[in-house]
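These notes concern the structure reproduced below.
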Amino acid sequence: MNDRNKVETLHQQIDVRFDYPVHFTRGIFEPGSPVFAEALRRCGDRPPYRMLVYIDQGVLDAHPQLVQRIRKYVDGQTDLELLQEPSAVPGGERAKNGWNIVQNIMTDIGNAHLDRHNFVVAIGGGSVLDSVGFAASVVHRGVRLVRCPTTVLAQNDAGIGVKNGMDEHGMKNFVGTFAPPYAVISDFDFLDTLSDKYWTGGIAEAYKVAIIKDRELFEFLDAHAERLASRDTAAMEHVIKETARLHLDHIRNGGDPFEMGTARPLDFGHWSAHKLEVLSNYRLGHGQAVAIGIALDTCYALRLGLIDDALCNRILSAMMRTGLPVWDETLLAREGHGGHALLDGLEAFREHLGGELTITLPEGLGDRVEIHEMPHEDVLSALEDLRTRMLAMPNVPAVEERSPRVTS
Ligand SMILES: NC(=O)c1ccc[n+]([C@@H]2O[C@H](COP(=O)([O-])OP(=O)(O)OC[C@H]3O[C@@H](n4cnc5c(N)ncnc54)[C@H](O)[C@@H]3O)[C@@H](O)[C@H]2O)c1
Ligand SMILES: [Zn+2]
């Protein structure tokens with residue numbers, strides 16, 4: 001070997017520790033509630049603790065007094081400083097659609113001269129948390145983010161993890177960052193004003209994690225399906241806390257918090273769900289799409305002999321009794337060239353993670369396996385099987401779509 005081919009290597013290895021609390025409470029902005037102020041004080045910096053607050057428009061519509069309550073709360077704490085009146089962000093998937101909202105928040109953060117030791121507070125559903133969190137994670141390469149999730153799905157999944165993002169290039173979460181929050185504070189009071197679609201939708205993520213990781217949670221969901229559908233708050237609080245615990249546990253102990261590998265076990269049922277959301281033009285919420293995705297992959301697992309017929313029916317029936325759909329006509333949508341549009345979701349899912357296709361399926365109840373191929377004809381057979389089973393299920397009364405309540 002001549003001198004020119006000599007290689008010298010300095011090996012770099014960095015361990016970074018993240019820790020953040022995930023609180024559950026009620027009345028977060030009531031004057032006597034310590035949790036919000038304490039979450040900011042945890043940094044130990046010299047006060048004041050400067051912040052910008054962003055609120056989901058849907059939350060503001062349902063809680064018209066919220067801005068006033070926040071203002072009063074902050075006024076009552078001498079070490080907190082609200083830099084401008086809380087701003088509204090459009091609710092739902094619109095919050096994540098393209099760069100506009102993210103751009104506006106980044107400009108705001110710049111104009112308010114927030115630095116890395118200051119706080120962006122995001123109050124809302126998973127969509128608003130994703131886009132506000134994304135903006136906060138890129139300005140100055142990361143301003144502290146406090147998430148206050150207000151939907152079931154955001155409290156048990158979207159708001160407690162390490163990801164932010166927005167939809168671009170015709171794909172969900174095409175752009176985004178891995179950036180753990182500074183703190184998460186979930187206030188159960190917000191759930192009272194959710195429409196039934198978003199109340200039940202979040203339970204789909206509980207089914208997802210229960211089926212592949214926790215038999216006991218599945219037993220609870222199955223036994224309390226009707227109570228959950230009729231908005232029993234005690235049952236819901238249990239489901240949210242257990243689901244959050246399982247998600248946090250997975251991120252902490254799963255060995256791949258920033259998803260560098262090809263597997264994403266917590267995305268059971270999601271390859272088709274992401275596609276269904278887009279195909280339905282977001283008529284199906286994330287939770288509804290996930291329930292349908294779980295139903296399809298459950299039928300696929302049955303084909304592979306990973307679960308038995310009784311368990312397959314039990315899963316479908318429990319989700320239906322909870323008020324979740326297991327079927328939507330969008331499953332049959334065709335592309336211009338006549339092929340099943342749904343099937344493109346498989347390749348899009350693979351591409352998002354990179355590397356080999358890796359799909360998680362249940363193995364029995366509470367355990368899982370990974371598979372690396374899903375031949376299209378087998379997916380279509382599972383789809384046909386799902387349709388037959390769904391039609392044979394006893395008629396489950398649909399959960400009526402009530403409009404969200406408005407609190408004073
Ligand atoms: N970052 C992650 O790790 C992660 C994980 C799972 C899902 N997600 C994302 O989360 C999003 C879905 O979030 P979601 O299910 O929370 O729905 P959402 O954020 O889309 O909100 C749904 C609707 O509920 C309204 N709303 C929110 N809170 C309310 C309240 N308390 N009362 C009345 N109305 C209220 C919103 O304005 C909106 O109209 C998807 O974009 C999904 O991709 C992200
Ligand atoms: Zn999900």
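Quick note: numbers below take in every heavy atom, side chains included, and nothing from hydrogens, waters or symmetry partners. If you read the sequence from its start, that first residue is 1, and numbering goes on from there. Counting starts at 1 for both ligands and their atoms, in listed order.
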Is the gap between the ring centers of Phe220 and His238 under 6.0 Å? yes

Can you find a heavy atom in the side chain of His23 that is under 4.5 Å from one in the side chain of Phe36? no

Between His286 and His270, does the ring centre distance come in under 6.0 Å? yes

Short list, please: which atoms of ligand 1 are under 4.0 Å from a heavy atom of Ser127? 10 (O), 11 (C), 12 (C), 13 (O), 18 (P), 19 (O), 20 (O), 41 (O)

So, are Lys172 and Glu93 salt-bridged, with charged N and O less than 4.0 Å apart? yes

Relative to atom 41 (O) of ligand 1, which among His286, Arg147, Gln57, Glu93 owns the nearest non-hydrogen atom? Glu93

Assign the ring pair His274 / Phe349 to parallel, tilted or perpendicular, where the plane angle (0 to 90°) is split at 30° and 60°. tilted

Checking contacts here: is it the side chain or the backbone of Phe190 that comes within 4.0 Å of ligand 1, counting heavy atoms only? Could be both or neither. both

With nothing but distance in play, are any N or O atoms of Leu191 less than 3.5 Å from an N or O of ligand 1? no

If we number the atoms of ligand 1 from 1 as shown, the ones under 4.0 Å from a heavy atom of Asp130 are 1 (N), 2 (C), 8 (N), 9 (C), 44 (C)

Any chance the rings of Tyr182 and Tyr20 have centres within less than 6.0 Å? no

Would you mind running through ligand 1 and noting each atom that sits below 4.0 Å from a heavy atom of Thr151? 14 (P), 16 (O), 27 (C), 28 (N)

Quick check: closest heavy atoms across Gly170 and Val278, and the distance to 0.1 Å? O-CG1, 4.5 Å

With a 3.5 Å distance limit and no angle check, can you tell me whether His224 reaches the backbone of Ala235 through a side-chain donor-acceptor pair? no

If the Zn ion (ligand 2) is the vertex, what is the angle to NE2 of His270 and OE2 of Glu205, rounded to 10 degrees? 120°

A student checking ligand 1 against Thr193 at a 4.0 Å heavy-atom cut-off should list atoms 30 (C), 31 (N), 32 (N), 33 (C)

Lys172 heavy atoms within 4.0 Å reach ligand 1 at atoms 40 (C), 41 (O), 42 (C), 43 (O)

Is the distance between the ring centroids of His117 and Tyr49 under 6.0 Å? no

Are any of the N/O atoms in Lys96 less than 3.5 Å from those in ligand 1? yes

Any atoms of ligand 1 less than 4.0 Å from a non-hydrogen atom of Asp56? List them with their elements. 27 (C), 36 (C), 37 (O)

Taking atom 5 (C) of ligand 1 as the point of reference, which of Ala158, Ala204, Ala289 owns the nearest heavy atom? Ala158

In His286, what N, O or S atom is nearest to the Zn ion (ligand 2), if we give its atom name? NE2

Quick one: sort the Trp99 and Phe134 rings into parallel, tilted or perpendicular, breaks at 30° and 60°. tilted

Under a 4.0 Å heavy-atom limit, does Thr150 contact ligand 1 with its side chain, its backbone, both, or neither? both

If you count the atoms of ligand 1 from 1 in the order shown, which ones are under 4.0 Å from a heavy atom of Lys163? 1 (N), 3 (O)

